[in-house]
Amino acid sequence: MNLIALPAFTDNYIWMLHDGTHAVVVDPGESAPVIAALDAAQLVLAAILVTHHHADHVGGIDALRPRLQGPVFGPQRERIPEPFVALSDGEQIDVLGLRFEVIDVPGHTSGHIAYFNAGGAGAPILFCGDTLFSGGCGRLFEGTPAQMHRSLSRLAALPGETRVCCAHEYTLSNLKFARAVEPRNRDVADYAAWCESRRALGQPTLPSSIARELEVNPFLRVADNAVAQSARAHGADSDEPVAVLAALRQWKNDFR
Ligand code: ZN
Ligand code: FE
């Protein structure tokens, strides 16, 4: 099974999973990169998975329908281009012979879902859209800090070796913020150096892993003393994880 990040727009990735004959794509915000990849490897498009309703994740769906030999799957609680199979927490789907579990992860949008495969194609795979980024998390457009905290906590509990497939290449700017939050975190500095070398080669920094994110991502480290202290210096009124996350998210919104 091949797992590929197809670059789209300026910093999106459309994830493609294929077995040499059939492919699945996640969050096709535009169709051209998908069609090019399907044609290059002569793949049948077997399904489309969608995590949330934003245009940079759904904009290519209709143009891909003529090529599509299976369903579009998407979040039950959001409006995405019809027709699609509406999914909610705990439901399972089988694509390319792999089982994916749906996890509700509200926060960035109110009905955002993630897709998790526990293994079978190598290490587990997580398609998490704009909820969890490497070194960061999505902006809270429709949800609350408490919702995002719960969503991130569920993802953080997945196996450490899980391949984390985020929908944007935001890693370097996220790590710049992570360094401001935790100047003494060696893992952040080491990882940033590795990511810089990847980007210098034009390569994605993704997929990440849950184990890695637990080491470097301040939004998964809200229970850490150093992270809480930094948050308190930026508006958090307590060490409660939700208060810490809320302060970090606000700080990050204005961080350059
Ligand atoms: Zn989004
Ligand atoms: Fe996005």
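Just so it is clear, the structure is predicted and the values come from calculations on it, not from any experiment. Reckoned from all heavy atoms, side chains included, excluding hydrogens, waters and symmetry mates.
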How long is the gap from [atom1] on [X] to [atom2] on [Y], to the nearest 0.5 Å?
X	Y	atom1	atom2	result
E215	I210	CD	CD1	12.0 Å
R212	T205	CZ	OG1	10.5 Å
E91	I113	CD	CD1	8.5 Å
I35	E30	CD1	CD	10.5 Å
K176	T171	NZ	OG1	14.5 Å
D187	L175	CG	CG	11.0 Å

Ionic contact status for R67 with D39, cut-off 4.0 Å: yes
For [X] and [Y], which heavy atoms make the closest approach, and how far apart are they?
X	Y	result
S134	N174	O-ND2, 3.1 Å
V181	S230	O-OG, 2.6 Å
A46	L68	C-CD1, 4.1 Å
P33	A8	CG-CB, 4.3 Å
S208	Y191	OG-OH, 3.9 Å
A47	V95	CB-CG1, 3.9 Å

Judged by modelled atom types alone, do [X] and [Y] share a side-chain donor-acceptor pair under 3.5 Å?
X	Y	value
E169	Y13	yes
N217	R221	no
T21	D19	yes

For [X], check ring-ring contact (aromatic ring centres under 6.0 Å, His included) against everything at least two apart and list the hits.
X	answer
H53	none
F116	none
H57	H52, H168

Is the backbone N or O of [Y] less than 3.5 Å from a side-chain atom of [X], with the two atoms forming a donor-acceptor pair by type?
X	Y	answer
S238	E240	yes
N185	V188	yes
D239	A223	no
S110	G143	no
R198	P204	yes
E213	L220	no
S153	H149	yes

Sequence neighbours left out, what pairs pass salt bridge (charged side-chain N to carboxylate O under 4.0 Å, His left out) with at least one residue falling in [range]?
range	value
residues 140-150	none
residues 49-64	D62-R65
residues 73-88	R77-D104

List the steps and the verdict of side-chain contact (heavy atoms from CB on, under 4.5 Å) for L98 and L17. CA-CA 10 Å; L98 297 174; L17 195 59; 3.8 Å; yes
Return the orientation label for the H108 and H112 ring planes: parallel under 30°, perpendicular over 60°, tilted otherwise. perpendicular
If you define the side chain from C-beta out and look only at heavy atoms, does anything of [X] sit under 4.5 Å from [Y]?
X	Y	answer
L155	V105	yes
I103	R154	yes
L96	M1	yes

Residues that, via side-chain heavy atoms closer than 4.5 angstrom, fall in one hydrophobic cluster with [X]:
X	answer
F133	Y170
V242	none
L201	none
F9	none

Listed partners of R186 passing side-chain hydrogen bond (donor to acceptor under 3.5 Å, both in side chains), at least two apart: D190
Any residue meeting side chain to side chain contact (heavy atoms under 4.5 Å, CB included) with E196, in chain and number order, not counting sequence neighbours: L172
Can F127 and F100 be said to form a ring-ring contact (aromatic ring centres under 6.0 Å, His included), step by step? CA-CA 10 Å; F127 296 119; F100 282 85; 5.8 Å; yes
Verify the ring-centre separation between H54 and F141: is it less than 6.0 angstrom? yes
